[in-house]
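Each chain gets a letter, A, B and so on, in the order the sequences are listed, and its residues count up from 1. Both backbone and side-chain heavy atoms feed into the values below; hydrogens, waters and symmetry mates do not.
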Amino acid sequence: MMLLEHEAKQLLDSVGIQVPRGLVIRPGDGTPDGIESYPVAVKAQVRSGGRGKQGGIVRAGDRPALAAAITRLFATAFGGERPEALLIEPWLAIERETYLSVAVDGRADGYVVMYSARGGVGIEEGAPPVRYPVGAPWNFRVHGLRKALESAEPDYQWREKVIALAQRLIRTAAMRDLTTIEINPLATLTDGALVAADARVVCDEWAHFRNKAIHAQREAEKRRAEPLLRDCLNMQHMYVRLDGDIALISGGAGMTMAAMDMIADCGGRPACFLDCSPGPTSTRGYRPAFAMLDADPRVKVILVSVFGGGTQMQRVANSMKEIMAERKSRKPVVFRLDGTNVDQVPGIFARFGAHNHARLEDAVAEAVRLAGGRA
Amino acid sequence: MSILLDRTNRVLVQGVTGQMGTYFVEDACKYGTTVVAGVSPGRDGAKVGDVPVFGSVRAAREATGADTAIVFVPPAAVLGGALEAIEAGCRLVVVTADELPVLDTIELKAAARANGAAVVGPNSPGIISPGKAKLGFMPSFCYMQGNVGVISRSGSLSYECCKRLTLAGMGQSTVIGIGGDPVKGTTAAEALGLFHDDPETAAVLYLGEIGGSEESFVAEYAARPDAKPVAALIVGHTAPPGRKMGHAAALIGSKAESHAAKVAMMRSAGVHVASGLSDMVETLQAALSHGMRAAQDAAA
């Protein structure tokens, strides 16, 4: 789960890393008083990337310009996301921009530190950053990172500051269950100060049981969701909306993606990624999934594709029987259940006139045909 | 042969008195897995089926000679349980749990390294060596003993693919679920190393997805002159960038993590990459016959 910029900066500030002194405003707050000097930066607080390139950061030279920027930014969506807050900061006199991050990386069996002597918005286009594999956080070594940075950063005084900062970031990440802390740019100001001018922090949602802040983030994420989706999230379903018309109720991330791909390969368009396997594989678990997809006007067909191991298919089939009996929508549903106890499925399906496709290919072809595509 | 798991593993089940543990004992014993002990603190002296329950891994190991653990406890208790098994000397620890904080996996992996143990998981269906033993909930009928080693980031996808292999008469030496999380007890690279050294494994099928960097290990292996034939299926060409597709690691964060980039990288290294689920079996067959031709050419 990604924090908003102002939340990320607050976190960095709490461990003694210098950030610009900012002011957070919400819709309806109006133009704040007490801004001591202009120009200021007005920054949309959204989670989607590429905010700068989409005009989400505005320079305001005086109070009227600030008022105009606030109105405009609150009315604009960035990557489909309307800002829920704006961050107003002094416009920084930056002398130099570098890049520093610590992040979990499977190749290191833990964390890596990444540094680039040239940071800022063009970081993805430039040479790849220097990568120092740390692994378990207690394996961070100052001399290890120093060696890694020797060629990338010739200014030894700056280098030592970066190393001390990286050490603190690793410790913070470990203590607060963070999977990424990225400071880009890590800036030197004309007065010599080192400042985290922008920050991206991602926390590990599965640490919610031991971390109150992460628990609160998770709850807030659910509250932001539409009510029908919220019911699904409360069942631990994982949902990503796509732009097609064939919806999936599926089990397991890999099989859900395989079915999405097969729909596309067959000339259809998948409407969503919806993995219901983490939740209860009962009527209670699947009901909100049908409720959400039945209410979605873009969805023409629902394909239920579950290949279960621990999930027993006679239970899924019985849940489908109950849901089909209570369901009001007439959207067609295509079934493909396989896995543990699949031999009991045809008997259960016969009782409510449903057909279970033996092969995913046949189920997908049927769904694509019903959606009006080719196949 | 097979990797990590065969008929010699003596298995203890942590969290054996829970619903999953109890179901596992019944299902795994039916398959032929040698389940010798259960562990459930405070419940020593109890029995689950015929399996005696102990209060600690060490007590279970001393009484039964158990050397392999499978952990069925809630996410908050997984690290504690798995460390207990590793430090008591188990050679293999299987963690199926999802929703495990990544820092716990990092610690688990470090402990496994230090103690010379192997960990499979987390967020994994487990591991099965068909015809010998299974440690996980995979549907047994999908598998058949043979010479294809399977590595999968996704449980359900491995069931589907193994059923297809079995129907096509292509059995499996071992099927290992490396899991959907960014840090893995056993990585694709480590699993490939084990399959490479396993005389029973003639070819490897790798089942991957978008996001992460695991596929670069597979490409590196396939580029080795002595590599066994490798086929792969990478799912998620319809997944949008920047969105987590269920698994924590299934997120396209950069161009290199996209479907197209992974497929191109793997193909250029000599991996036979299927275009989809439907031609996965043919792709593996092509990899095998290509490997056989190469071996004949080398002999001639």
*Asks:* Taking atom CZ as the centre, does R218(A) end up with more than 12 heavy-atom neighbours from other residues, nucleotides or ligands that are less than 6.0 angstrom away?
*Replies:* yes

*Asks:* Considering only heavy atoms, which portion of D261(A) lies under 4.5 Å from any heavy atom of chain B: side chain, backbone, both, or neither?
*Replies:* both

*Asks:* May I ask you to name which of G79(A), G110(A), G135(A) has the most heavy-atom pairs under 4.5 Å with chain B?
*Replies:* G110(A)

*Asks:* Name the member of H237(A), R336(A), Q236(A) that forms the most heavy-atom pairs with chain B at distances under 4.5 Å.
*Replies:* R336(A)

*Asks:* With a 4.5 Å heavy-atom cut-off, do D338(A) and Y159(B) have their side chains touching?
*Replies:* no

*Asks:* Can you tell me if H247(B) and D275(A) form a side-chain donor-acceptor pair at under 3.5 Å?
*Replies:* no

*Asks:* By a 4.5 Å heavy-atom criterion (distance strictly below it), what part of A173(A) contacts chain B: side chain, backbone, both, or neither?
*Replies:* backbone

*Asks:* With rounding to the nearest 0.5 Å, note down the distance linking CE in M255(A) to SG in C161(B).
*Replies:* 8.0 Å

*Asks:* When you look at CZ of R171(A), are more than 12 heavy atoms from neighbouring residues, nucleotides or ligands closer to it than 6.0 Å?
*Replies:* no

*Asks:* V240(A) and P240(B): which non-hydrogen atoms are nearest, and at how many Å?
*Replies:* CG1-CG, 4.1 Å

*Asks:* Of all the heavy-atom pairs spanning S156(B) and A253(A), show the shortest one and how long it is.
*Replies:* OG-N, 4.5 Å

*Asks:* At a heavy-atom separation under 4.5 Å, does M257(A) approach chain B through its side chain, its backbone, both, or neither?
*Replies:* both

*Asks:* Which region of F24(B), side chain (C-beta onward) or backbone (N, CA, C, O), has a non-hydrogen atom less than 4.5 Å from a non-hydrogen atom of chain A, or is it both or neither?
*Replies:* neither

*Asks:* Shortest non-hydrogen contact from S213(B) to R107(A)?
*Replies:* OG-NE, 3.2 Å

*Asks:* What part of R153(B) gets within 4.5 angstrom of chain A, counting heavy atoms only: side chain, backbone, both, or neither?
*Replies:* neither

*Asks:* Given a strict heavy-atom distance threshold of 4.5 Å, which part of M260(A) is in contact with chain B: side chain, backbone, both, or neither?
*Replies:* both

*Asks:* What option among T105(B), L277(B), I106(B), T96(B) has the most heavy-atom pairs under 4.5 Å with chain A?
*Replies:* I106(B)

*Asks:* Closest heavy-atom contact between H237(B) and D265(A)?
*Replies:* NE2-OD1, 3.0 Å

*Asks:* Under a 4.5 Å heavy-atom cutoff, which of I234(B), L233(B), D104(B) has the most pairs with chain A?
*Replies:* D104(B)

*Asks:* A76(B) versus chain A, heavy atoms under 4.5 Å apart: side chain, backbone, both or neither?
*Replies:* both

*Asks:* To check you understand the geometry: which heavy-atom pair defines the closest contact between L157(B) and G254(A), and what is its length?
*Replies:* CB-C, 4.1 Å

*Asks:* Would you mind checking which part of R210(A) comes under 4.5 Å of any heavy atom in chain B, side chain (CB onward), backbone (N, CA, C, O), both or neither?
*Replies:* side chain

*Asks:* What are the two closest heavy atoms between P139(B) and T340(A), and how far apart are they?
*Replies:* CB-OG1, 3.6 Å

*Asks:* Examine whether an atom of D177(A) lies under 4.5 Å from a heavy atom of chain B, and if so say whether it belongs to the side chain, the backbone or both; otherwise answer neither.
*Replies:* both

*Asks:* If you count heavy-atom pairs under 4.5 Å between each of D204(A), V342(A), I263(A) and chain B, which one has the most?
*Replies:* D204(A)

*Asks:* Quick one: of K255(B), M20(B), R164(B), who has the most non-hydrogen atom pairs under 4.5 Å with chain A?
*Replies:* R164(B)

*Asks:* Which atoms of V104(A) come close to chain B, meaning under 4.5 Å heavy atom to heavy atom: side chain ones, backbone ones, both, or neither?
*Replies:* side chain

*Asks:* Is it the side chain or the backbone of T179(A) that comes within 4.5 Å of chain B heavy atoms, both, or neither?
*Replies:* side chain

*Asks:* Given that the side chain runs from C-beta out, which part of P125(B) has a heavy atom under 4.5 Å from chain A: side chain, backbone, both or neither?
*Replies:* neither

*Asks:* Please state whether the side chain, the backbone, both or neither of T187(B) comes within less than 4.5 Å of a heavy atom of chain A.
*Replies:* side chain

*Asks:* Between R243(B) and L242(A), is there a side-chain heavy-atom distance shorter than 4.5 Å?
*Replies:* no

*Asks:* Can you say whether K109(B) sits under 4.5 Å from chain A via the side chain, the backbone, both, or neither, judging by heavy atoms?
*Replies:* side chain

*Asks:* In terms of heavy-atom proximity below 4.5 Å to chain A, should S140(B) be classed as side chain, backbone, both, or neither?
*Replies:* neither

*Asks:* Within the 4.5 Å heavy-atom criterion, are W206(A) and L103(B) side-chain neighbours or not?
*Replies:* no

*Asks:* Write out, in numerical order, the residues from residues 305-314 of chain A with a heavy atom short of 4.5 Å from a heavy atom in chain B.
*Replies:* F307(A), G308(A), G309(A), G310(A), Q312(A)

*Asks:* Of the listed residues (M138(B), K163(B), E107(B)), which shares the most heavy-atom pairs with chain A below a 4.5 Å separation?
*Replies:* K163(B)

*Asks:* Given heavy-atom pairs under 4.5 angstrom as the criterion, report whether the side chain, backbone, both or neither of K244(B) touches chain A.
*Replies:* both

*Asks:* Which bit of E99(B) comes within less than 4.5 Å of chain A, counting heavy atoms only: side chain, backbone, both or neither?
*Replies:* both

*Asks:* Atom CZ of R269(A) and atom OG1 of T238(B): how far apart are they, to the nearest 0.5 Å?
*Replies:* 12.5 Å

